[in-house]
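Below is one structure, written out as structure tokens, with a few remarks after it.
All ligand and atom numbering here is 1-based and tracks the order in the structure. All heavy atoms count here, side chains included; hydrogens, waters and symmetry mates do not.
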Amino acid sequence: MSSKPQHKKRILVLNGCNLNLLGAREPEIYGRDTLADIETRLAALAKKAGVELECFQSNHEGALIDRIQQARGKADAILINPGAFTHTSVGIRDAIAGAGVPTIELHLSNIHAREGFRRHSFLAPVCVGQIAGFGAGSYELAFAAALRIIGGRP
Ligand code: CA2
């Protein structure tokens, strides 16, 4: 019996506003790793797992929405740390809801233990789940969660 060749699974990692500044300021909240450090570690994990990884950061809401729209039918999972867009963006929420790509929301800090305005996420209801509070480790935990989803496990 011949089976269709499977394409390499693809994970898209999105980072929103101000995350390009990681490592430079507020290390007591966000840690000392830069975004490049985090992406390098994810790339190593992706190589080991045999999946393709694409990383994109923007300070612009529309640019993130464009990437989410483009992921439809192309990415198998999305990891997103939307930064402050978490608490403001109905546009990113609608893009995630419309993309049909399982999406995991992640945060370096525990947004539920900070200012009241950070407790609400517009995105959480359209994501598979949320990981928050493990510093740079949140990305690796979210990556592990994405591998489970790609492998057909919740
Ligand atoms: O904890 C997270 O990952 C956040 O998404 C980070 C956002 C914040 O607005 C969210 O509420 C929670 C902030 C992005 C990083 O901002 C920086 C600002 C200065 C220096 C370094 C990072």
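A distance-only check finds no donor-acceptor pair linking the side chain of Asp66 to the backbone of Ala63 [under 3.5 Å]. His87 places no side-chain N or O within donor-acceptor distance of the main-chain N or O of Ser121, the cut-off being under 3.5 Å. A distance-only check finds a donor-acceptor pair linking the side chain of Ser138 to the backbone of His107 [under 3.5 Å]. Using a distance-only test at 3.5 Å, with no hydrogens or angles considered, a donor-acceptor pair links the side chain of Gln57 to the main chain of Gly16.
Within 4.0 Å of ligand 1, protein heavy atoms belong to Cys17, Asn18, Leu19, Leu21, Arg25, Glu26, Tyr30, Asn81, Gly83, Ala84, His87, His107, Leu108, Ser109, Ile111, Arg118, listed by chain and number.
Within the hydrophobic cluster formed by Ile, Leu, Val, Met, Phe, Trp and Tyr side chains joined at under 4.5 Å, directly or through other members, Ile80 is accompanied by Leu12, Leu14, Phe56, Leu64, Ile65, Ile68, Ile78, Phe85, Val90, Ile92, Ile96, Val101, Phe122, Leu123, Val126.
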*Between Glu54 and Arg10, is a salt bridge (charged side-chain N to carboxylate O under 4.0 Å, His left out) present by the stated rule, with each step listed?*
CA-CA 8 Å; Glu54 192 190 342; Arg10 297 187 194 103; over 6 Å; no
